[in-house]
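See below for the structure under consideration.
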Amino acid sequence: MKHILHVTSSPRGPESHSIQLGNRIVDLLLAQYPGSEVTVNDTVASNYIHLNEVHPVAYRLPEHEQTPEQKKVLISSETAVQQVMDADIIVIGVALYNFNMPSALKAWIDHIVRAGKTFSYATGKPEGLLTGKKVYLAIASNGVYSDGPMKPFDFSEPYLRFIFGFMGITDITTYRVEGAGMPGKMETALEAGLESVAV
Ligand SMILES: Cc1cc2nc3c(=O)[nH]c(=O)nc-3n(C[C@H](O)[C@H](O)[C@H](O)COP(=O)(O)O)c2cc1C
């Protein structure tokens, strides 16, 4: 039995390739770990605010020193961090936008990368605090980025690998639905991506 967190970033609902790919990963995980609990965080609906003048100050304070206003601003961050800490497996759907992740997903990242919670500089060098977890990336794109001339231009995957490594998670597997805008590939892109999943 595992706690699975499925984080999505497409506004396209059931039509979304990244959500369908993430769902396939979750379904196979449920088959492998019957009785697992799944929490879905739709970052488009969650609508995380851009970090404002309160966050950098409040992020540094222990909870008992935070003002009621700071506590209120941090509620969505605290919830997002707790979801990540509770999860054994995190499945992240990425709709590739402008060669990167959607800003909704980046806003979520800005709410979970927290000193003293998900990483620490206490020993003088960065230490990830999210240990023993696994991440699956489910990336959807119209172009092909797994190989070929466009490979260097998917900036979402290397960044997500880096930032989750920074928080202590290095066991990361990527699946893709790609080429969905390319004649000759688009006809089978979704099916091929879904079929490629083996957890
Ligand atoms: C605003 C926007 C930007 C996009 N930028 C890219 C891009 O840089 N590269 C690419 O291959 N596809 C790009 N696409 C196509 C999407 O990656 C593709 O539609 C993908 O399936 C989106 O994920 P979803 O199906 O989960 O919504 C873009 C689409 C939109 C709406």
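All heavy atoms count here, side chains included; hydrogens, waters and symmetry mates do not. Quantities reported herein were computed from a predicted structural model and do not represent experimental measurements. In each ligand, atom 1 is the first atom listed, and ligand 1 is the first ligand listed.
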The closest protein heavy-atom partner of atom 16 (C) of ligand 1 is L96 O, 3.5 Å
Side-chain donor-acceptor pairs under 3.5 Å in residues 26-34, sequence neighbours left out?
none

Donor-acceptor side-chain pairing of N41 and T8 below 3.5 angstrom: no
If the condition is side-chain hydrogen bond (donor to acceptor under 3.5 Å, both in side chains), which residues does Y59 pass it with, not counting sequence neighbours? none
Walk me through whether E178 and K185 qualify under salt bridge (Lys or Arg N to Asp or Glu O under 4.0 Å). CA-CA 8 Å; E178 60 181 352; K185 290 198 183 295; over 6 Å; no
Should the pair F99 and Y145 be assigned to parallel (<30°), tilted (30 to 60°) or perpendicular (>60°) ring geometry? perpendicular
Are K2 and E37 ion-paired here, with the side-chain N under 4.0 Å from a carboxylate O? no
Region of H17 that comes within reach of ligand 1 [heavy atoms, distance under 4.0 Å]: both
What about F119 and Y121, are their ring centers closer than 6.0 Å? yes
So, K71 and E78, do they make that salt bridge, N to O below 4.0 Å? no
Which protein non-hydrogen atom lies closest to atom 5 (N) of ligand 1, naming both residue and atom, and how far is it? N98 N, 2.8 Å
Hey, which atoms in ligand 1 end up nearer than 4.0 Å to a heavy atom of F99? 7 (C), 8 (O)
Using a plain distance cutoff, I'd like to know if S10 has any nitrogen or oxygen under 3.5 Å from a nitrogen or oxygen of ligand 1. yes
Distance to 0.1 Å, residue and atom name: give those for the protein heavy atom nearest to atom 2 (C) of ligand 1. Y97 CD1, 3.6 Å
Side chain or backbone, does A95 bring an N or O within less than 3.5 Å of an N or O on ligand 1? no
At what distance is the nearest protein heavy atom to atom 20 (C) of ligand 1, and which residue and atom is it? A140 O, 3.7 Å
Please list the nearest protein heavy atom to atom 10 (C) of ligand 1 with its residue and the distance rounded to 0.1 Å. Y145 OH, 3.3 Å
Please state which protein non-hydrogen atom is closest to atom 18 (C) of ligand 1 and give its distance, to 0.1 Å? N142 OD1, 3.5 Å
For G143, the atoms of ligand 1 under 4.0 Å from one of its heavy atoms are 10 (C), 11 (O)
Going by distance only, is there an N or O of I19 that falls short of 3.5 Å from an N or O of ligand 1? no
